[in-house]
Amino acid sequence: MPSAPVYRGRFAPSPTGPLHFGSLVAALGSCLDARAAGGEWLLRMEDLDRKRERPGAADSILRTLEALGLHWDGTVDYQHRHLERYADALAELRRSGHIYPCGCSRKTLTATARSGREGPIYPGTCRAGLKPGTQARTLRLRTLPDEIIAITDRIQGRIALDVNAELGDFVIHRADGIPAYQLAVVVDDAAQGITQIVRGADLLLCTLRQRLLQQRLQLPGLTYAHLPLVLDQQGRKLSKSATDQPLDATTPLSSLKRAWHFLGQVPLPADLDRLEDFWPMAIAHWSLSRVPVETARTSPNFH
Ligand code: GLU
């Protein structure tokens, strides 16, 4: 039997709109890092939130990736096909006492909770049981006081956080009945045998939540590299659902060159003008250590 590859990476877009320059940067960084290591690069469509999904967006993302020469290994994985997997993980967490039902609405939380780096920090209202007369809306993961979760990111270095104090117990099953992103991503990364994650630094705090969840589920930890997030000239994050900056798939090479440059890589030959010449060159010269150690950077041009 062939042995498992030492490097298995992935790109995991949500089909909430067409690909934009920020998602291209994440796709290119994760693909090149995998290819340069002789590893695999898988594609997973994170399509659990059917309400936020834009009709046709999944196909448009796949077509754009193909037009750019970002070819994934195997078949595309779709999260909506794995509901049983998430239910099994929830059942395990329930059995081990790591989750509890919560009846708080976003509105009550905004009114009562201390605000943290990513919105209100859940004050533990339902930890000891639901308040009389309230019904469970979500399921939350129980964090422990003074539990420091740390990762050593290949770009950003060591990131450590007291999850209980700084993020609080977080939702892993949503009020609308959908497994939360944190749960689904951890379960799927493990099921797909992912070893390395390269993605935008907007997900750094999520990574600490995911590391905690991996520990609770006794899953192996992964290696992470968080790329600087692309900001527009006004300092805003690009958004697929806002669709104001979709990538122009008719000029793939110039988009790739811009993403390559954004990632701080060596200058490409001035006469490089064919997509098929970009890829071998990029794989041969990719260097993660050249990626700027920043969590966000402005880009002058997105198309
Ligand atoms: N689906 C997420 C997004 O499109 C990315 C998740 C991940 O890379 O873990 O932002």
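Both ligands and their constituent atoms are indexed starting at 1 by order of listing.
- The backbone and the side chain of Ser14 each have at least one atom closer than 4.0 Å to an atom of ligand 1 (non-hydrogen atoms only).
- Using the six-membered ring where Trp is involved, His82 and Tyr86 have ring planes that are perpendicular, over 60° apart on the 30 and 60° scheme.
- Residue-ligand proximity, Glu46 to ligand 1, at heavy-atom distances under 4.0 Å covers atoms 1 (N), 2 (C), 5 (C), 6 (C).
- Neither the backbone nor the side chain of Phe11 comes within contact range of ligand 1; no heavy atom lies under 4.0 Å.
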* Start with the C-alpha gap between Asp47 and Arg81, add the side-chain angles, then the distance that decides, and say whether salt bridge (charged side-chain N to carboxylate O under 4.0 Å, His left out) holds. => CA-CA 9 Å; Asp47 60 352; Arg81 297 183 182 154; over 6 Å; no
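- Taking every non-hydrogen atom of Tyr181 and a distance limit under 4.0 Å, the qualifying atoms of ligand 1 come out as 6 (C), 7 (C), 9 (O).
- To the nearest 0.5 Å, the span separating CG on Leu213 from CG on Leu93 amounts to 6.0 Å.
- Donor-acceptor pairing under 3.5 Å is recorded for the side chains of Ser287 and Ser289.
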* Asked: Hey, mind stepping through Asp188 and Arg10 against salt bridge (charged side-chain N to carboxylate O under 4.0 Å, His left out) and telling me if it holds?
  -> CA-CA 11 Å; Asp188 285 335; Arg10 53 48 158 200; over 6 Å; no
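- Under 4.0 angstrom from ligand 1, the non-hydrogen atoms of Arg10 all belong to its side chain.
- Geometrically, ligand 1 and Val185 share no nitrogen or oxygen pair separated by less than 3.5 Å.
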